[in-house]
Amino acid sequence: MRRGNIRLKKILIGIVLTFALIFFLFPMVWMFLTSFKTQAQVFASPPVFIPPSEQWNFNNYTAALMDSGALNGIRDSMIVSLSTAVVSVSVGALAAYSLARYRLGGEHFSFWILSTRMFPPVASAIPLFLIFRELNLQDTYWVLIVANAIFNLPFAIWLLKGFIEDLPVELEESAFIDGSSVFGAFWRITLPLISPGLVTAFLFTFVFTWNEFLFALLLTRRTVRPVTVIVQSLAGGHEILWAQIAATGVLAIIPGTFLVLFLQRYIVRGLTMGALKS
Amino acid sequence: MGRQRSLWVTLFMIPIMIAPVVAGFQFRVIFNDTFGPLNYLIKTLSGGLITPPAWVANPQTSLLTIMITDIWQWTPFMLLLILAGLETISVEVLEAAQVDGASFWQLLWQIKLPLLLPVLLIGILIRTMDVFKTFDLVFLLTEGGPGSSSETVAFYTYVNGFKFFSMGYTAALAFIQLIIITIISQVFLRLQRRRGALYASR
């Protein structure tokens with residue numbers, strides 16, 4: 001009787017989880033299926049759920065990559081995201097070290113840094129836009145890297161600060177006794193020990209920048225067009241090529257989807273900026 | 001449960017990490033009133049009794065579509081957060097309550113929920129601050145329309161600054177948002193300052 005109860009409970013939980021999972025994965029599955037449809041199949045009513053298997057081809061993908069500029073978009077997104085991640089993590093690690101070990105600027109300073117993470121980007125977009133116009137940097141990789149680094153640095157600093165605070169100070173102190181300089185201890189002791197934190201911060205800032213849209217839209221024109229801008233511009237035209245956008249969308253979510261696998265252990269800690277560890 | 005659980009968690013996490021622009025596009029297809037799968041399902045399942053709204057094109061439902069998309073994308077985050085919070089509750093507390101004869105619901109309402117409260121609060125604050133900035137979804141789904149029925153404050157700021165170029169007005173708007181966000185974030189920071197209480201066991 002009791003064993004049967006537990007079994008029933010397990011089955012019920014399984015059913016609920018499966019329904020929830022269908023809800024959360026359906027939009028992505030639908031986009032994936034749409035990316036293999038012809039324009040006629042997209043507009044068909046009743047909707048074509050799964051296009052006939054013999055018609056599956058990569059036409060939408062080649063069209064998206066070649067004609068709609070998705071290839072350039074992915075290249076631009078890659079350059080901007082990688083640079084932003086490198087800048088955020090390297091500057092962030094140094095800043096986090098001084099905040100964690102030397103209490104630089106006291107508690108208020110570190111909380112002020114965190115509070116910039118909460119600032120609405122659209123409010124800062126106008127001053128940034130005007131500054132970059134004065135500097136004649138519009139429509140370059142630099143603008144996007146600087147703007148994204150500004151908004152990702154607080155995140156990287158706080159994440160890494162948490163990782164450094166978890167390390168016992170004694171490790172560095174014994175290095176000092178052995179005659180190591182501050183930077184030597186940071187480079188040889190602290191950095192290797194917080195490498196999971198560095199990887200987490202790097203991957204998060206990479207995905208955040210990859211997914212970023214507001215700055216990409218406002219600070220660029222023609223030369224630099226990240227993939228999010230391309231998805232939007234295709235969806236905003238008069239004749240909307242749904243299947244092609246779907247193909248671009250599938251390509252655009254590949255990095256995020258893959259990184260979920262690596263970030264899993266730290267995702268809660270990352271997204272709450274260290275307020276909660278798991 | 002170990003490996004199986006990690007698979008579930010991974011699958012649930014995917015929406016969090018995809019670009020809001022792409023999420024907006026996905027839901028624009030789903031909500032489309034002529035060829036979208038949602039209205040087709042509503043019509044067939046109800047046997048034609050329910051006439052579903054035009055979602056994105058209807059001023060009464062346009063904001064709702066943005067909300068549904070955001071809820072879709074970020075509910076997994078809350079799920080993970082609460083899961084992490086539940087794991088911090090010590091087994092001893094739960095066992096003690098069970099020994100005292102607490103039922104399942106009593107355990108849920110009187111032990112777990114109060115202990116989860118700080119975690120829930122952190123989650124709500126983070127989401128409030130993030131939703132306040134919603135821009136990408138609006139741009140992709142409705143562009144603030146029809147009319148101004150789905151204009152969030154971030155989108156309204158964008159329209160005034162970069163469509164009408166009224167910089168003074170936009171700067172004032174930015175300041176008002178800053179004040180509101182500062183108030184919300186102060187609550188968050190106060191909580192974070194006492195984060196010793198929120199640390200999960202690892």
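This one's a predicted model, so the numbers in the text were calculated from it and none came from an experiment. Throughout, a chain's letter reflects where its sequence line sits, starting with A, and its residues are numbered from 1.
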(message) Report which part of A/Val42 has an atom under 4.5 Å of a heavy atom belonging to chain B: side chain, backbone, both, or neither.
(response) both

(request) Using non-hydrogen atoms and a 4.5 Å limit, figure out which bit of A/Leu259 sits close to chain B: side chain, backbone, both or neither. (result) neither

(message) Just verifying a value: how many Å separate B/Glu143 CD and B/Glu151 CD, rounded to the nearest 0.5 Å?
(response) 11.0 Å

(request) Answer with side chain, backbone, both or neither: which region of B/Leu140 has an atom nearer than 4.5 Å to a non-hydrogen atom of chain A? (result) side chain

(message) Once rounded to the nearest 0.5 Å, what's the spacing between atom CD1 of A/Ile113 and atom CD1 of A/Ile157?
(response) 4.5 Å

(request) Measure the spacing between OG1 of A/Thr34 and CD1 of B/Ile30 and express it to the nearest 0.5 Å. (result) 8.5 Å

(request) Would you mind telling me which of A/Leu218, A/Val250, A/Val227 has the largest number of heavy-atom pairs within less than 4.5 Å of chain B? (result) A/Leu218

(request) For each of A/Leu130, A/Val229, A/Thr257, A/Leu25, tally heavy-atom pairs with chain B at distances under 4.5 Å, and name the one with the top tally. (result) A/Thr257

(request) Say whether, by atom type as modelled, one donor and one acceptor occur between the side chain of B/Gln177 and the main chain of B/Ile181 under 3.5 angstrom. (result) no

(request) Please identify each residue that fulfils ring pair (Phe, Tyr, Trp, His ring centres under 6.0 Å) with B/Phe175, with sequence neighbours left out. (result) none

(message) So for A/Ser77, is it side chain, backbone, both, or neither that comes closer than 4.5 Å to the heavy atoms of chain B?
(response) neither

(request) Quick one: which of B/Asp130, B/Leu173, B/Thr182, B/Ile16 has the most heavy-atom pairs under 4.5 Å with chain A, could you say? (result) B/Asp130

(message) Please report the interatomic distance CG(B/Leu137) to CD(B/Gln73), rounded to the nearest 0.5 Å.
(response) 6.5 Å

(message) Counting only non-hydrogen atoms closer than 4.5 Å, does B/Phe27 touch chain A with its backbone (N, CA, C, O), its side chain (CB onward), both, or neither?
(response) side chain

(message) Applying the side-chain contact (heavy atoms from CB on, under 4.5 Å) criterion to B/Trp55, which one of B/Thr65, B/Asn32, B/Thr142 satisfies it?
(response) B/Thr65

(message) Shorter than 4.5 Å, heavy atoms on both sides: which option in B/Phe155, B/Phe77, B/Phe132 has the most such pairs with chain A?
(response) B/Phe77

(request) Go through the atoms of B/Tyr158 and report whether side chain, backbone, both or neither lie under 4.5 Å from a heavy atom of chain A. (result) both

(request) State, without any angle test, whether A/Asn152 and A/Thr84 hold a side-chain donor-acceptor pair at a distance under 3.5 Å. (result) no

(message) Does any backbone or side-chain atom of B/Thr10 lie under 4.5 Å from a heavy atom of chain A? Answer side chain, backbone, both or neither.
(response) both

(request) Heavy-atom distances under 4.5 Å only: say whether A/Met28 touches chain B with side chain, backbone, both or neither. (result) both

(request) Ignoring hydrogens and angles, state whether a donor on the side chain of B/Thr152 or B/Thr134 is under 3.5 Å from an acceptor on the partner side chain. (result) no

(request) Identify which part of A/Ile254 has an atom lying under 4.5 Å from any heavy atom of chain B, answering side chain, backbone, both or neither. (result) neither

(request) Output the distance between atom OG1 (A/Thr248) and atom CD1 (A/Ile74), rounded to the nearest 0.5 Å. (result) 8.0 Å

(request) Pick one of side chain, backbone, both or neither for A/Trp242, based on which atoms fall under 4.5 Å of a heavy atom in chain B. (result) both

(request) Taking all non-hydrogen atoms of both residues into account, name the closest pair between A/Phe109 and A/Gly105 and its distance. (result) CB-O, 3.3 Å

(message) Can you tell me which portion of B/Met13 sits under 4.5 Å from chain A's heavy atoms? Options are side chain, backbone, both or neither.
(response) both

(request) Among A/Leu214, A/Val207, A/Val231, single out the residue with the greatest number of heavy-atom pairs under 4.5 Å to chain B. (result) A/Leu214

(request) Would you mind checking which part of B/Ile18 comes under 4.5 Å of any heavy atom in chain A, side chain (CB onward), backbone (N, CA, C, O), both or neither? (result) both

(request) Check each atom of A/Phe204 against the heavy atoms of chain B and say whether the ones under 4.5 Å are side chain, backbone, both or neither. (result) side chain

(message) Heavy-atom pairs under 4.5 Å with chain A: which of B/Pro37, B/Pro20, B/Ala23 has the most?
(response) B/Pro37

(request) Give, as side chain, backbone, both or neither, the part of B/Leu11 having an atom under 4.5 angstrom from any heavy atom of chain A. (result) both

(message) Given heavy-atom pairs under 4.5 angstrom as the criterion, report whether the side chain, backbone, both or neither of A/Ala252 touches chain B.
(response) side chain

(message) Let me confirm one number: the CG-CZ distance from A/Asp139 to A/Phe132, rounded to the nearest 0.5 Å.
(response) 12.5 Å

